[in-house]
Amino acid sequence: MENPGLTVRGQAAPFSSALRGLVNNPQYSDVCFVVGRERQEVFAHRCLLACRCNFFQRLLGTEPGPGVPSPVVLSTVPAEAFLAVLEFLYTNSVKLHRYSVLEVLTAAVEYGLEELRELCLEFVVKVLDVELVCEALQVAVTFGLGPLQERCIAFIEAHSQEALRTRGFLELSATALLPVLRSDKLCVDEAELVKAARSWARVGAAVLERPVAEVAAPVVRELRLALLAPAELSALEEQNRREPLIPVEQIVEAWKCHALRRGDAVRGAPCRRRRGTLPRDHHRFLDLRFK
């Protein structure tokens with residue numbers, strides 16, 4: 001019987017370095033991508049992409065015919081993120097940056113690159129900060145990345161006031177904002193949360209060219225108006241007349257809580273105090289307290 005052969009391995013670093021030299025190298029390339037808004041040309045090699053990624057195998061199809069093949073347009077992925085994806089496909093490693101990792105993560109999810117996705121998730125968790133957290137939350141909600149969503153919510157709970165002032169917060173979708181507003185652990189007072197929700201709705205209204213109240217409708221029910229003192233509720237009611245944000249019925253429900261002095265008196269008017277809720281005299285009448 002013939003003895004089985006023995007697999008021996010050379011050094012991985014020179015091999016990886018050589019392949020890295022092929023990333024976006026027109027020499028021997030047989031496919032050109034046009035990526036991002038800037039329509040940057042990026043060169044690659046069909047056989048390598050196809051054997052490493054099912055997405056590219058389907059996208060590139062069969063071998064090109066004679067002549068110069070047409071460029072493949074990928075307009076939604078930024079060039080830097082696409083180059084990071086290629087680096088990973090060629091070398092099984094990638095250099096990530098805080099300012100672009102979410103774009104690389106998005107590409108990894110869309111292209112079905114699970115290993116790259118996990119590397120990006122680990123990196124995001126390490127560099128998560130106030131400026132990044134809302135953008136990361138949006139990506140997590142969009143692609144159903146549950147553990148990342150939980151991590152982002154926990155971070156926002158601990159740094160609520162700072163996170164609410166970021167551009168990322170103003171650009172959250174209603175679906176991403178809902179789990180934030182439903183949290184009992186936000187370290188922010190309800191009056192500040194109402195202001196933040198109004199700012200968010202104004203930005204959305206300007207972008208979508210829709211009324212503020214219409215944009216806010218999916219999320220304002222999570223505002224706990226009964227936590228506001230009567231004077232604050234009156235001021236909110238007056239502002240709401242000038243710029244509708246909250247349904248009148250929701251404000252009426254909050255007033256009923258004040259009148260009946262019972263937090264559970266009116267269904268649909270949540271009165272649980274959040275971690276950052278400032279004390280007010282009427283809170284002693286509320287039945288549901290933060291724990």
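What you see is a predicted model; the values in this text were computed from it and never measured. Each residue takes its place number in the sequence, starting with 1.
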Requested in this report: For the pair Glu115 and Arg52, find out whether any cationic side-chain nitrogen is under 4.0 Å from an anionic carboxylate oxygen.
Outcome: no

Query - ILVMFWY network linking Phe43 to Val73, side-chain heavy atoms under 4.5 angstrom - result: no

Query raised in the report: Just wondering, do Leu137 and Gln149 contact through their side chains at under 4.5 Å, heavy atoms?
Result: yes

Report task. Please work out which of the three classes, parallel, tilted or perpendicular, describes the rings of Phe155 and His159, given edges at 30° and 60°. Result -> parallel

Report task. To the nearest 0.5 angstrom, please state how far the CG atom of Leu177 sits from the SG atom of Cys134. Result -> 9.0 Å

Report task. Kindly say whether the aromatic ring centers of Phe88 and Tyr111 come within a distance under 6.0 Å. Result -> no

Requested in this report: Would you check if the side chain of Arg273 reaches a backbone N or O of His283 as a donor-acceptor pair within less than 3.5 Å?
Outcome: yes

**Report entry** Atom of Ser100, atom of Glu80 and distance for their closest heavy-atom approach
**Finding:** OG-OE2, 3.6 Å

Query raised in the report: Are side-chain heavy atoms of Arg98 and Asp129 found at a separation under 4.5 Å?
Result: yes

Query raised in the report: So how far is it from Cys47 SG to Asp30 CG, rounded to the nearest 0.5 Å?
Result: 6.5 Å

Query raised in the report: Side chains of Val220 and Leu181: does their closest heavy-atom pair fall under 4.5 Å?
Result: no

Query - Under 3.5 Å side-chain donor-acceptor pair for Ser93 and Thr91 - result: yes

Report task. Indicate the atoms forming the closest heavy-atom contact of Ser29 with Ala44, along with that distance. Result -> CB-O, 3.2 Å

Query raised in the report: Do any N or O atoms from the side chain of Gln138 and from the backbone of Ser173 form a donor-acceptor pair under 3.5 angstrom?
Result: yes

Requested in this report: Mind running side chain to side chain contact (heavy atoms under 4.5 Å, CB included) on Leu59 and Phe33 for me, showing each step along the way?
Outcome: CA-CA 11 Å; Leu59 177 67; Phe33 295 92; 4.1 Å; yes

Requested in this report: Would you kindly say whether Glu110 and Thr106 are connected by a side-chain donor-acceptor distance under 3.5 Å?
Outcome: no

**Report entry** Minimum side-chain heavy-atom gap Glu214-Leu208 below 4.5 Å
**Finding:** no

Query raised in the report: Do Val127 and Leu102 share a hydrophobic cluster (ILVMFWY, side-chain heavy atoms under 4.5 Å, transitive)?
Result: yes

Query raised in the report: Is there a path from Leu278 to Leu193 through hydrophobic residues (I, L, V, M, F, W, Y) whose side chains come within less than 4.5 Å of each other?
Result: no

Report task. Could you check Leu170 against Ser199 for side chain to side chain contact (heavy atoms under 4.5 Å, CB included), going step by step and ending with a plain yes or no? Result -> CA-CA 7 Å; Leu170 296 177; Ser199 297; 3.9 Å; yes

Query - Between CG on residue Leu172 and CH2 on residue Trp200, distance to nearest 0.5 Å - result: 8.5 Å

Query raised in the report: Are Val141 and Leu178 connected in a single hydrophobic cluster, I mean Ile/Leu/Val/Met/Phe/Trp/Tyr linked by side-chain heavy atoms less than 4.5 Å apart?
Result: yes

Query raised in the report: Within the distance-only criterion (no hydrogens, no angle test), does the side chain of Glu157 pair as donor or acceptor with the backbone N or O of Ser183 below 3.5 angstrom?
Result: no

Query - Ala163 backbone acceptor or donor facing Thr166 side chain under 3.5 Å - result: yes

Query raised in the report: Val188 and Ser160: which non-hydrogen atoms are nearest, and at how many Å?
Result: CB-CB, 3.9 Å

Query - Any side-chain heavy-atom pair of Val139 and Glu135 under 4.5 Å - result: no

Query raised in the report: Do Phe56 and Leu89 have side chains that get closer than 4.5 Å, going by heavy atoms?
Result: yes

Report task. Please step through side chain to side chain contact (heavy atoms under 4.5 Å, CB included) for the pair Thr142 and Thr175, ending with a clear verdict. Result -> CA-CA 9 Å; Thr142 299; Thr175 305; over 6 Å; no

**Report entry** Heavy-atom pair with the smallest gap, counting every atom of Ala107 and Val85
**Finding:** CB-CG2, 3.8 Å

Report summary line: Contacts of Arg20 meeting salt bridge (charged side-chain N to carboxylate O under 4.0 Å, His left out) (sequence neighbours excluded), chain-then-number -> Glu87

Query raised in the report: Checking side chain to side chain contact (heavy atoms under 4.5 Å, CB included) for the pair Thr277/Arg224: CA distance, chi angles, key distance, verdict?
Result: CA-CA 10 Å; Thr277 300; Arg224 304 175 185 183; over 6 Å; no

**Report entry** Euclidean distance, Leu96 CG relative to Lys126 NZ, rounded to 0.5 Å
**Finding:** 10.0 Å

Query raised in the report: Say you draw a straight line from CG of Leu113 to CG of Leu105; how long is it, rounded to the nearest 0.5 Å?
Result: 11.0 Å

**Report entry** Considering all heavy atoms, the nearest Arg275-Cys187 contact
**Finding:** CD-SG, 3.7 Å

Query raised in the report: What pairs of residues pass the salt bridge (charged side-chain N to carboxylate O under 4.0 Å, His left out) test when at least one of them lies in residues 190-208, not counting sequence neighbours?
Result: Glu190-Arg274, Glu192-Lys195, Arg198-Glu243, Arg202-Glu243

Query - Any side-chain heavy-atom pair of Val125 and Leu128 under 4.5 Å - result: no

Report summary line: d(Leu225 CG, Ile246 CD1) to nearest 0.5 Å is 4.5 Å

Report summary line: Here the pair of heavy atoms bringing Ala201 nearest to Leu245 is CB-CD1, 3.9 Å

Report task. Please collect all salt bridge (charged side-chain N to carboxylate O under 4.0 Å, His left out) contacts where either partner lies in residues 230-239, sequence neighbours excluded, each pair once. Result -> Glu232-Arg280, Glu238-Arg241, Glu238-Arg242

**Report entry** Residues, nucleotides or ligands: over 12 heavy atoms within 6.0 Å of Arg210 CZ
**Finding:** yes

Query raised in the report: Mind checking whether Val34 and Leu74 sit in one hydrophobic cluster, side chains of I, L, V, M, F, W, Y counted as touching below 4.5 Å?
Result: no

